[in-house]
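The next block holds one structure in the form of structure tokens; read it before the comments.
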Amino acid sequence: MRRAPVSVEIREKLYEGKAKIVYATSDPGLIVQYFKDDATAFNAGSLAKRTGLDEGTPIRQPIVELYYKSDPLGDPMLNDDHVRMLKLATPAELTWIRRMALRINGVLRPHMWKRGLVLVDFKLEFGRAGGRRCLGDEISPDTCRLWDRQTGEKLDKDRFRRDLGGVEEAYQEVYRRLVGSL
């Protein structure tokens, strides 16, 4: 694994989205990802809304859904044919994306379960950098639906979406369970 230099100079902004800003650095192999202190939560897809299933209904096989990351379009859901038509990914890249998403799910679900959390669902953002496929997202209560295994309490962004209160406390609880005390 490559070690980060002791001091890195932050350079130009590469990307700014609703929740984060990505900057280039003096080291071409490193970026700085800055998370804004803003909450964005109202364009998330919902399997329960689309299918009529009750929220939290266990799904036997994981489902991989594809969304086009586009603020002006509202991040629409796409199928493989749309992805090919828009030339967003090749068939081989789509296969890789699905395989990686399922592998990550296979690691995260038991990891969270051991820490008293149910991983209900999560999102991943894939892209290309330097001609290579990459995962360009974090795993956090902003990108995952996490429920307490015993009580079913929501410990994720749904606390904000549904005005349940205690957003910071819930995020701190997830941190405590995954990393340790603050």
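Values in this document were obtained by computation on a predicted structure and should not be read as measured data.
The two atoms that bring His111 and Arg115 nearest to each other are O-NH1, 2.9 Å, heavy atoms only. Looking at every heavy atom in both residues, Leu146 comes nearest to Asp156 through N-OD2, 2.7 Å. In terms of heavy-atom proximity, Pro62 sits nearest to Leu102 at CB-CD2, 3.6 Å. Residues Ala170 and Leu155 approach most closely at CB-CA, 3.8 Å, considering heavy atoms. Annotation for Cys144 and Leu119: closest pair CB-CD1, 3.8 Å, computed over non-hydrogen atoms. Of all heavy-atom pairs spanning Thr25 and Leu30, the tightest one is OG1-O, 2.9 Å.
A continuous path of ILVMFWY side-chain contacts below 4.5 Å connects Leu73 to Leu86, so both sit in one hydrophobic cluster. Residues Val120 and Met112 are members of separate hydrophobic clusters, defined by side-chain heavy-atom contacts under 4.5 angstrom among Ile, Leu, Val, Met, Phe, Trp and Tyr.
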query: side-chain contact (heavy atoms from CB on, under 4.5 Å) between Val83 and Tyr68: does it pass, once the steps are laid out?
result: CA-CA 8 Å; Val83 171; Tyr68 183 31; over 6 Å; no
task: Determine, stepwise, if the pair Arg11 / Ser26 fulfils side-chain contact (heavy atoms from CB on, under 4.5 Å).
output: CA-CA 7 Å; Arg11 297 212 171 142; Ser26 53; 3.5 Å; yes
- request: Determine, step by step, whether Asn105 and Val64 satisfy the side-chain contact (heavy atoms from CB on, under 4.5 Å) criterion, reporting the C-alpha distance in whole Å, the side-chain angles of both residues, the deciding distance to 0.1 Å, and the verdict.
  value: CA-CA 10 Å; Asn105 183 64; Val64 176; over 6 Å; no
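Counting heavy atoms from C-beta on, the side chains of Arg50 and Met77 come closer than 4.5 Å. Contact check for Glu65 versus Leu47: side-chain heavy atoms found under the 4.5 Å cut-off. Tyr23 is not listed as a side-chain neighbour of Gln33, based on a closest heavy-atom distance of 4.5 Å or more. Side chains of Leu88 and Leu78 form a contact here, defined as non-hydrogen atoms less than 4.5 Å apart. In this structure, the side chains of Ile21 and Tyr15 stay at 4.5 Å or more apart for every pair of heavy atoms. For the pair Ile97/Leu124, no side-chain contact is recorded, criterion being any heavy-atom separation below 4.5 Å from C-beta on. Counting heavy atoms from C-beta on, the side chains of Leu117 and Leu178 come closer than 4.5 Å. In this structure, Pro141 and Lys157 have side chains that are not in contact, with every pair of non-hydrogen atoms separated by 4.5 Å or more.
A salt bridge is defined here as a Lys NZ or Arg NE, NH1 or NH2 lying under 4.0 Å from an Asp or Glu carboxylate O, and Arg177 with Asp148 meets this definition. A salt bridge links Asp121 with Arg145: the distance from a Lys NZ or Arg NE/NH1/NH2 to an Asp or Glu carboxylate oxygen falls below 4.0 Å. Between Lys154 and Glu55, at least one side-chain nitrogen of the basic residue sits less than 4.0 Å from a carboxylate oxygen of the acidic one, meeting the salt-bridge criterion. A salt bridge links Glu153 with Arg159; the closest basic N to acidic carboxylate O contact falls under 4.0 Å. With respect to the salt-bridge test (charged N to carboxylate O, under 4.0 angstrom), the residues Asp80 and Arg98 qualify.
When the shell of 6.0 Å around CZ of Arg133 is examined, it contains more than 12 heavy atoms from other residues, nucleotides or ligands. Heavy-atom neighbours of Asn79 CG from other residues, nucleotides or ligands within 6.0 Å: above the threshold of 12. Atom CD of Glu168 is surrounded by 12 or fewer heavy atoms from other residues, nucleotides or ligands within 6.0 Å.
Distance check: Trp147 CH2 to Thr151 OG1 gives 11.0 Å after rounding to the nearest 0.5 Å.
The side chain to side chain contact (heavy atoms under 4.5 Å, CB included) check on Trp113 picks up Val118, Arg149, with sequence neighbours excluded.
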